[in-house]
Colleague: 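This is the structure, below, for whatever I ask next.
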Amino acid sequence: RIIFDYIDGGVEDEDCVERNVTAFRDQRLLPRYLVDVASPDQTTEVFGRRYSTALGIAPTGMAAVARHRADLILAEAAAAADIPFIISGAATASIEDIAALAPNHAWLQIYGARDAAITRDQIERGAKAGIETLVMTVDVPVNAKRESNIRNGWVRPYRPSVSAFLETLTHPGWVAEYLRHGLPFFENWRTYTEAGASPRQVAAFLSSQMPSTQTWRELETYRRLWSGNLVVKGIMHPEDALRAERAGVDGIIVSNHGGRQLDRSPASLDMLPGIRNAVGDRLTVMLDSGVRRGADIISARALGAKMVFVGRATLYGVAAGGREGAQRAIRILRDETGLVMAQIGCPRLAEIGPEYLSNTGG
């Protein structure tokens, strides 16, 4: 339960989690018929790279607490499905190992460390590993109050409650895996700690470095350091999108962190049209938060998102079924997307626009 709550939960009353989902449910798709939809084409081009569909895997920290090697499994599943995978800034596998498994599909997320030299080094490591897209996440200025984690003792220092500990014993498979492999390391931070540091010591070091104050100045620095595609994740205001454009970014992920940071935040989907209108085609606009169905991917595309990312769905898949589970989660969403495309009479995902939504005047 403690792991499920960590993946499933949001912040405080979890209203934002529900708001994200409701925003998608409120969309009404407007079908057109007598169209040849025998072979729906989901291919999507982002930053000059063509992917199999408009779905990507969002960065999800501490994935290996759900299943050993989860980050690597998700990277493998993304590469096999030909979709992007964003390496979390709190990944439990190294930049180099993930990039080797998914050489044309791995993007790298950074939060920015208090020690700027660490961030510079991680950016350099990403470039040397052949990664082409860097994702700066900006919506974690402070640690959020995730009350389900607090109840379970899933906060530093980690002291699970008695009930959480006893409930864990009812999952012998997970317990056996934990006993076999122990706590996972935050591999991308391990190199900056003393030799022989334990997983808890590495986690403590990571906590001493994040969250850190990040400003437009840091974004401009990362733009100078990174010659590839630069994406800002967590933008929710059109004015911030325009300022990011002036800083030289290539893309934006409209996101409220899946409802895991600011409980009174608007839904990402509700802010998407305004941001898309502000930057037009000058930036690649993408989205995450609240995506649960293939129809959600269609709705986000209709409102201007080029790529749509999920986090919880693929974590559920890898936790429940390992590689097969991750592949199954991706396949469900991709199959639903194709089904909905056929149902609304749209043979090519690239052609979907606001005219397919009845509540936007189409």
Side-chain angles (χ1 to χ4, degrees), residues 1-22 24 57-71 73-74 88-92 109 111 137 139-140 142-179 181-186 199-200 203-204 206-207 210-211 255-265 267-268 288-293 309-322 325-326 328-329 332:
R1 176 95 198 172
I2 193 171
I3 305 303
F4 174 82
D5 283 350
Y6 168 71
I7 296 172
D8 184 69
V11 63
E12 296 177 356
D13 296 315
E14 302 188 348
D15 290 336
C16 188
V17 175
E18 181 59 31
R19 195 175 300 118
N20 282 332
V21 175
T22 300
F24 280 105
I57 299 179
T60 47
M62 294 195 292
V65 299
R67 181 177 289 271
H68 180 59
R69 297 184 71 253
D71 293 283
I73 293 170
L74 290 170
S88 170
T92 45
Q109 178 201 39
Y111 284 108
T137 293
D139 57 4
V140 188
V142 294
N143 287 319
K145 187 183 179 186
R146 299 178 186 172
E147 294 182 357
S148 60
N149 291 350
I150 294 171
R151 285 192 297 271
N152 289 327
W154 190 250
V155 291
R156 292 196 53 80
Y158 298 121
R159 291 173 181 164
S161 65
V162 173
S163 60
F165 174 78
L166 293 175
E167 197 275 339
T168 297
L169 300 180
T170 66
H171 302 276
W174 185 91
V175 172
E177 188 174 78
Y178 173 83
L179 293 175
H181 302 290
L183 281 172
F185 278 95
F186 291 110
R200 292 182 184 275
L206 172 59
S207 295
M210 296 192 332
S255 170
N256 58 30
H257 219 95
R260 293 166 69 83
Q261 285 302 120
L262 175 63
D263 204 26
R264 298 301 173 92
S265 170
S268 296
D288 73 19
S289 304
V291 178
R292 301 291 189 270
R293 290 281 186 179
F309 290 89
V310 299
R312 289 180 173 92
T314 43
L315 273 183
Y316 293 146
V318 74
R328 175 68 171 158
I332 288 170

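Keep in mind that what you see is a predicted model, and the values were worked out from it rather than measured. Position 1 is the first residue of the sequence; numbering continues from there.
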Colleague: Can you name the nearest heavy-atom pair linking F186 to A203, along with the distance?
Modeller: CE1-CB, 3.6 Å

Colleague: For R292, does the CZ atom sit with more than 12 other heavy atoms under 6.0 Å from it, leaving out its own atoms?
Modeller: yes

Colleague: Mind checking the CH2-CG spacing from W174 to L179? Nearest 0.5 Å is all I need.
Modeller: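 Here the rounded value is 8.5 Å.
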
Colleague: Minimum heavy-atom separation for G290 and N20, please, with both atom names.
Modeller: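 Looking at all heavy atoms of both residues, the closest pair is CA-CB, 3.6 Å.
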
Colleague: Between the side chain of Q109 and the main-chain N/O of P59, is any donor-acceptor distance below 3.5 Å?
Modeller: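 No; judged by distance alone, with no hydrogens or angles, the pair does not exist.
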
Colleague: State the CZ-OG distance between R19 and S289, to the nearest 0.5 angstrom.
Modeller: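 Rounded to the nearest 0.5 Å, the CZ-OG separation comes to 12.0 Å.
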
Colleague: How long is the straight-line distance from CG of D13 back to CG of D263, given to the nearest 0.5 Å?
Modeller: 5.5 Å

Colleague: Taking the side chain as everything from C-beta on, heavy atoms only, tell me whether L74 gets closer than 4.5 Å to T60.
Modeller: yes

Colleague: Would you name the heavy atoms of V310 and V291 that are closest together and state the gap between them?
Modeller: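 Looking at all heavy atoms of both residues, the shortest contact is CG1-CG1, 3.5 Å.
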
Colleague: Mind checking what makes side chain to side chain contact (heavy atoms under 4.5 Å, CB included) contact with E177, not counting sequence neighbours?
Modeller: R67, H68, R180, H181

Colleague: Answer yes or no: is there a side-chain heavy-atom contact under 4.5 Å between H257 and D139?
Modeller: yes

Colleague: Check A313 against A329 and note the closest heavy-atom contact, atom names and distance.
Modeller: O-CB, 3.6 Å

Colleague: Would you say T168's side chain and A164's backbone share a donor-acceptor pair under 3.5 angstrom?
Modeller: yes

Colleague: Does R1 have any salt bridge (Lys or Arg N to Asp or Glu O under 4.0 Å) partners at least two apart in sequence or in another chain, and if so, which?
Modeller: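 Salt bridge (Lys or Arg N to Asp or Glu O under 4.0 Å) check on R1 returns D5.
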
Colleague: Please check: side-chain N/O of S268 versus main-chain N/O of D288, any donor-acceptor pairing under 3.5 Å?
Modeller: yes

Colleague: Could you state the interatomic distance from CD (E167) to CD1 (I3), rounded to the nearest 0.5 Å?
Modeller: 10.0 Å

Colleague: Report yes if some heavy atom in the side chain of L183 is under 4.5 Å from a heavy atom in the side chain of R200; otherwise report no.
Modeller: yes

Colleague: Roughly how far, to the nearest 0.5 Å, is CE of M62 from CG of L315?
Modeller: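 Interatomic distance, L315 CG to M62 CE, rounded to 0.5 Å: 10.5 Å.
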
Colleague: Could you tell me which non-hydrogen atom of C16 sits nearest to which non-hydrogen atom of S265, and how far apart they are?
Modeller: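 Distance-wise, the nearest heavy atoms are SG-O, 3.7 Å.
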
Colleague: Which residues pass the ring-ring contact (aromatic ring centres under 6.0 Å, His included) test with Y6, not counting sequence neighbours?
Modeller: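 Once residues adjacent in sequence are excluded, the partners of Y6 under the ring-ring contact (aromatic ring centres under 6.0 Å, His included) criterion are W154.
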
Colleague: Do you know which two heavy atoms are closest between T92 and A63, and how far apart they sit?
Modeller: OG1-N, 4.1 Å

Colleague: Check whether any side-chain N or O of R312 sits under 3.5 Å from a backbone N or O of G9 as a donor-acceptor pair, and report yes or no.
Modeller: yes

Colleague: Checking the side chain of D8 only, and the main-chain atoms of F4 only, is there a donor and an acceptor separated by less than 3.5 Å?
Modeller: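 Checked: no pair found.
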
Colleague: Rounded to the nearest 0.5 Å, what separation is found between the OG atom of S255 and the CZ atom of F309?
Modeller: 10.5 Å

Colleague: Heavy-atom count check: over 12 atoms from other residues, nucleotides or ligands less than 6.0 Å from R293 CZ?
Modeller: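 No.
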
Colleague: Any side-chain heavy atom of R146 within less than 4.5 Å of one from Q261?
Modeller: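 They are in side-chain contact.
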
